[in-house]
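Notes follow once the structure below has been shown.
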There are 2 protein chains.
Amino acid sequence: MDEGLVKEVNPYLVTIFNQVLNIEEKALKGSEFKDLSIKEMHTIEAIGMYREHTTSEVAKKTSVTVGTLTVTINNLVKKGYVERIRMDNDRRVVKLGLTNKGRLLYRLHDKFHRDMVKETLGGMSQEEGEALIKGLRNLHDFLARTQQTLNE
Amino acid sequence: MDEGLVKEVNPYLVTIFNQVLNIEEKALKGSEFKDLSIKEMHTIEAIGMYREHTTSEVAKKTSVTVGTLTVTINNLVKKGYVERIRMDNDRRVVKLGLTNKGRLLYRLHDKFHRDMVKETLGGMSQEEGEALIKGLRNLHDFLARTQQTLNE
DNA sequence: GCTTATTATTTTGAATGTCAAATGATTTGA
DNA sequence: TCAAATCATTTGACATTCAAAATAATAAGC
């Protein structure tokens with residue numbers, strides 16, 4: 001593999017990271033959902049459209065402790081985006097779900113992501129698109145392995 | 001462009017973001033630089049190896065306010081990674097530079113990024129690698145345009 | 001040369017995000 | 001039954017962040 005490509009990929013990755021976070025933050029602040037931070041947005045994203053995730057699961061997905069998540073959820077419940085449902089078969093367990101307001105926001109955010117990806121793939125052929133996916137999959141798998149190693 | 005690809009790219013991007021941050025955080029904590037957070041690490045990355053960036057420039061690059069950056073720099077100076085040099089020709093301006101300790105860390109972090117990218121590109125042909133770059137470039141340009149629009 | 005505006009940075013106060021440890025509630029298993 | 005395990009919440013201490021105000025230096029206009 002050409003060393004020049006390696007040099008080129010790195011700055012793109014770094015910049016893209018910052019850009020995405022920055023844009024999402026600004027888009028939120030300019031919308032009807034300005035009472036939310038980007039962290040809260042991503043918690044809503046992790047909860048998702050279907051009431052199937054427990055506190056522990058969402059905490060793992062967002063890489064925070066359950067204690068931190070509980071605080072976040074308290075705020076989101078207060079603001080009307082999330083609801084807690086305690087399970088009847090095991091009353092220790094709480095499932096998290098989005099309210100109608102939460103769902104509306106979820107779809108909006110999802111659309112932003114879709115548009116971003118569509119734009120990325122726009123002007124690429126089917127073959128190039130598949131190569132991009134392959135690259136992302138490689139990256140994803142490498143990261144998963146690395147994460148595994150660090151947790152041992 | 002195939003709609004299926006769009007659906008596949010999105011989850012990869014989201015997961016990759018979280019993975020990278022998580023791994024970098026853990027790698028730091030397990031190294032001799034455990035007195036640094038991931039945010040501080042990225043500030044050092046933005047300052048770079050050559051003493052040429054002002055406070056304002058680095059703040060813009062890392063997407064925080066100058067006030068926030070000043071606080072961060074205060075800590076990094078205290079910990080011995082960064083030094084401030086006030087310019088003689090315009091004494092309002094402060095240029096930020098890395099100390100030897102800072103440079104050592106910078107190179108270590110840079111190596112991590114390079115390994116990550118090498119692994120990503122490993123097993124890909126030259127053509128596939130170029131497609132990945134093209135995708136990243138499209139994404140980067142789209143984000144830059146979006147950011148521009150939001151700032152108007 | 002003075003006054004005013006501009007530019008660059010720092011300080012401050014308030015809100016949010018974070019973790020580790022302690023606590024509460026419930027279930028499981030011996 | 002009751003001790004241990006599991007799931008979630010609360011609490012206390014810091015870290016991170018921004019907006020706004022304060023400070024400082026320089027430039028511009030008269």
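Not one side-chain nitrogen or oxygen of A:R91 sits closer than 4.0 Å to the OP1 or OP2 atom of D:dC7. An OP1 or OP2 oxygen of C:dT18 is reached within less than 4.0 angstrom by a side-chain nitrogen or oxygen of A:K39. The shortest distance between the side-chain N/O atoms of A:T65 and the OP1/OP2 oxygens of C:dA20 is not below 4.0 Å. Residue B:S56 places at least one side-chain N or O closer than 4.0 Å to OP1 or OP2 of C:dT9. The phosphate of D:dT16 (OP1 or OP2) has a side-chain N or O of B:S37 nearer than 4.0 angstrom. Neither OP1 nor OP2 of D:dA8 sits under 4.0 Å from any side-chain N or O of A:N74. For C:dT18, neither phosphate oxygen OP1 nor OP2 lies less than 4.0 angstrom from any side-chain nitrogen or oxygen of A:T68. In terms of phosphate contacts, A:R86 brings no side-chain nitrogen or oxygen within less than 4.0 Å of OP1 or OP2 of D:dC7.
The nearest whole Å value for the distance from the CD atom in B:E57 to the C1' atom in C:dT7 is 13 Å. Distance, B:R84 CZ to C:dT11 P: 7 Å, rounded to whole Å.
Using a 4.0 Å heavy-atom distance criterion, A:V66 is classed as a base contact. B:S63 comes within 4.0 angstrom of sugar-phosphate atoms only, judged by non-hydrogen atoms across all strands, and of no base. When heavy atoms are screened at a 4.0 angstrom cut-off, A:T54 is found touching the sugar-phosphate backbone but no base atom.
Checking A:V71 against A:V94, the closest nucleotide of DNA chain D that is more toward the 5' end is the one next to A:V94.
Between the side chains of B:N100 and B:Y81, not a single donor N or O lies within less than 3.5 Å of an accepting N or O.
Ionic pairing of B:D141 and B:R145 is not present here: no N-O contact between side-chain nitrogen and carboxylate oxygen is shorter than 4.0 angstrom.
B:R103 places a side-chain N or O within donor-acceptor distance of the main-chain N or O of B:M49, the cut-off being under 3.5 Å.
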